[in-house]
Amino acid sequence: MESLFEAGLEVTVFFCNPNIHPHNEYLKRKEENRLFADKLGISFVEADYLLESWFKSIEGLEDEPERGRRCTACFTFRLDATARYAAEHNIPVFATTLGISRWKDLAQVDACGREVAARYPGISYWDFNWRKGGGSQRMIDISRREGFYHQEYCGCRFSLQETNRWREEKGRPLVEIDWDE
Ligand code: SF4
């Protein structure tokens, strides 16, 4: 967001994350994003939290590992909503922050972006590598400077289970989440 803002581009943040569970965790992450967008004067749009549709989109893939087919379905679901919003609002290009994390497979994210862009005539996917040119470090620096909430797992309940299995193996404290919140 900061790079795009500094480049003078007209930007809209489209927050589409029905993959974040539980809802309270979703609200925490959304609020951080919205506050930073407000600070920079960037418009912020919250997509519908289509939890049931998201679960339907990954049906049968629940036990896939992170970076596997469940993530492909998850990226496709969210990027399709993004491309659709862009098409409906005359926004010619969309990109995603998904690939900036070192936990993500950038080629997998970009393949999903290109695939959904092909569904919407006149819309293209910008496969900019946000990690390059010091981007990853800049993300860490901005996060520290702003005191952003630090997420402990990717988002879905399956990624939380995976993280906790890994933590257990390493003898690290487990991430505790209140699912009733
Ligand atoms: S691990 Fe992350 S990218 Fe993969 S399905 Fe879960 S929320 Fe989506």
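Residue numbers run from 1 in the order of the sequence given. The analysis underlying the following values was restricted to heavy atoms, covering all of them including side chains, and did not include hydrogens, waters or symmetry mates. For ligands, and for the atoms within them, numbers begin at 1 and follow the listed sequence.
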List the closest protein heavy-atom neighbour of [atom]: residue, atom name, distance to the nearest 0.1 Å.
atom                    : value
atom 6 (Fe) of ligand 1 : C156 SG, 2.3 Å
atom 3 (S) of ligand 1  : F75 CE2, 3.5 Å
atom 2 (Fe) of ligand 1 : C154 SG, 2.3 Å
atom 7 (S) of ligand 1  : N19 ND2, 3.2 Å
atom 8 (Fe) of ligand 1 : C74 SG, 2.5 Å
atom 5 (S) of ligand 1  : R70 NE, 3.3 Å

Point to revise | Check: T96/R78 side-chain N/O donor and acceptor closer than 3.5 Å | key: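 No - no donor-acceptor pair under 3.5 Å links their side chains.
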
Point to revise | Note: R165-E168 ion pair, threshold 4.0 Å (strictly below) | key: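 Between E168 and R165 there is no salt bridge, as every charged N stays at least 4.0 Å from the carboxylate O atoms.
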
Check your understanding: Quick one: do E32 and K28 make a salt bridge, cutoff under 4.0 Å?
Key ->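 Salt bridge between E32 and K28, a charged N being under 4.0 Å from a carboxylate O: no.
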
Point to revise | Under 2.8 Å: N/O/S of C71 next to atom 4 (Fe) of ligand 1 | key: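 A backbone or side-chain N, O or S atom of C71 is under 2.8 Å from atom 4 (Fe) of ligand 1.
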
Any chance [atom1] of [X] has more than 12 other-residue heavy atoms, nucleotides or ligands included, within less than 6.0 Å?
X    : atom1 : result
R119 : CZ    : yes
R172 : CZ    : no
R145 : CZ    : yes

**Study point:** Atom indices of ligand 1, in the order listed, that fall short of 4.0 Å to a heavy atom of S159
**Key:**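 Reading through ligand 1 atom by atom, the close ones are 1 (S).
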
Point to revise | Atoms of ligand 1, numbered as shown, that sit under 4.0 Å from any heavy atom of E66 | key: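 Every atom of ligand 1 under 4.0 Å from some heavy atom of E66: 1 (S).
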
Review point. Do any N or O atoms from the side chain of H23 and from the backbone of I20 form a donor-acceptor pair under 3.5 angstrom?
Key: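 Answer holds: no.
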
